[in-house]
Amino acid sequence: MSVADRVTRFSADLYDEAAQESRAQNRSVRQQLEHWARFGRRFAAETSPAFIEARAALEGRRPVEDLGDTASRIFDAELMARVEEDLAAVDFAAPERQAPTTIGTYETDADDRVFLTSASGERIYVGTTVNGTRSR
């Protein structure tokens, strides 16, 4: 290990997914994890119109149903990543040792728009309801 290397821990499920993908991509597990980290860094810095649209929707400044196909896929991927991160922080095996954790609450406004308000107060527009059913 070089001086520049740092030791870090990954969840077992992420490591296992990286091991599986690394075989398909002819990479070591470490190379696969580094690839995903670099991809995530580029994703976070992306400024294309589709990424800007997706970020606006995640911040509640743009209706999700107005997103194009690419922006919609970006929105869905980012939202799923946020949910997975929140779920990974919850210890379901030992609820008595958990601090109270809230991912967020859903609410609708007078126009049947659905919003997710995170525990940190971030309000994310997620769609509209049609006769009580969420649609995008």
Side-chain angles (χ1 to χ4, degrees):
M1 187 179 326
S2 75
V3 175
D5 288 339
R6 300 288 188 261
V7 175
T8 189
R9 293 177 185 244
F10 293 95
S11 64
D13 63 320
L14 180 62
Y15 185 90
D16 292 343
E17 288 176 27
Q20 183 177 1
E21 184 67 17
S22 71
R23 287 188 293 276
Q25 299 296 328
N26 294 316
R27 297 183 178 116
S28 68
V29 176
R30 176 184 171 155
Q31 288 170 329
Q32 186 63 44
L33 289 165
E34 288 175 347
H35 171 75
W36 284 346
R38 285 187 187 96
F39 181 81
R41 181 178 59 203
R42 286 191 304 269
F43 180 88
E46 181 61 54
T47 59
S48 71
F51 280 85
I52 292 169
E53 288 178 37
R55 281 196 192 109
L58 286 163
E59 294 167 1
R61 297 182 290 111
R62 182 181 180 100
V64 175
E65 61 265 9
D66 290 351
L67 297 177
D69 289 340
T70 301
S72 183
R73 285 194 303 272
I74 294 166
F75 174 88
D76 290 344
E78 179 64 21
L79 188 60
M80 287 306 302
R82 290 180 184 192
V83 169
E84 288 175 1
E85 287 172 10
D86 286 346
L87 289 175
V90 178
D91 182 1
F92 292 104
E96 70 279 0
R97 292 183 293 193
Q98 294 180 38
T101 303
T102 303
I103 294 173
T105 58
Y106 287 95
E107 60 185 295
T108 57
D109 66 8
D111 296 320
D112 288 326
R113 294 180 299 181
V114 179
F115 293 88
L116 169 65
T117 303
S118 71
S120 66
E122 179 181 15
R123 192 167 190 229
I124 303 167
Y125 175 78
V126 294
T128 57
T129 63
V130 178
N131 297 328
T133 304
R134 181 176 174 266
S135 64
R136 281 184 61 195

Results of side-chain hydrogen bond (donor to acceptor under 3.5 Å, both in side chains) for Q32 - residues two or more places apart only: R27
Within 6.0 angstrom of F10 CZ, more than 12 heavy atoms from elsewhere: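 Correct, the count exceeds 12.
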Rounded to the nearest 0.5 Å, what separation is found between the [atom1] atom of [X] and the [atom2] atom of [Y]?
X   : Y    : atom1 : atom2 : value
R73 : D69  : CZ    : CG    : 6.0 Å
E34 : S28  : CD    : OG    : 7.0 Å
E59 : E122 : CD    : CD    : 7.0 Å

Any side-chain heavy atom of [X] sitting closer than 4.5 Å to one from [Y]?
X    : Y    : result
L14  : L33  : yes
R123 : E107 : yes
E17  : W36  : yes
Q31  : H35  : no

Residues in side-chain contact (heavy atoms from CB on, under 4.5 Å) contact with N26, at least two apart in sequence or another chain: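 Checked N26 against side-chain contact (heavy atoms from CB on, under 4.5 Å); zero matches.
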Atom of [X], atom of [Y] and distance for their closest heavy-atom approach:
X    : Y   : answer
V29  : A18 : CG1-CB, 4.1 Å
A54  : A71 : CB-O, 3.6 Å
I124 : L58 : CG1-O, 2.9 Å
G68  : E53 : N-OE1, 3.8 Å

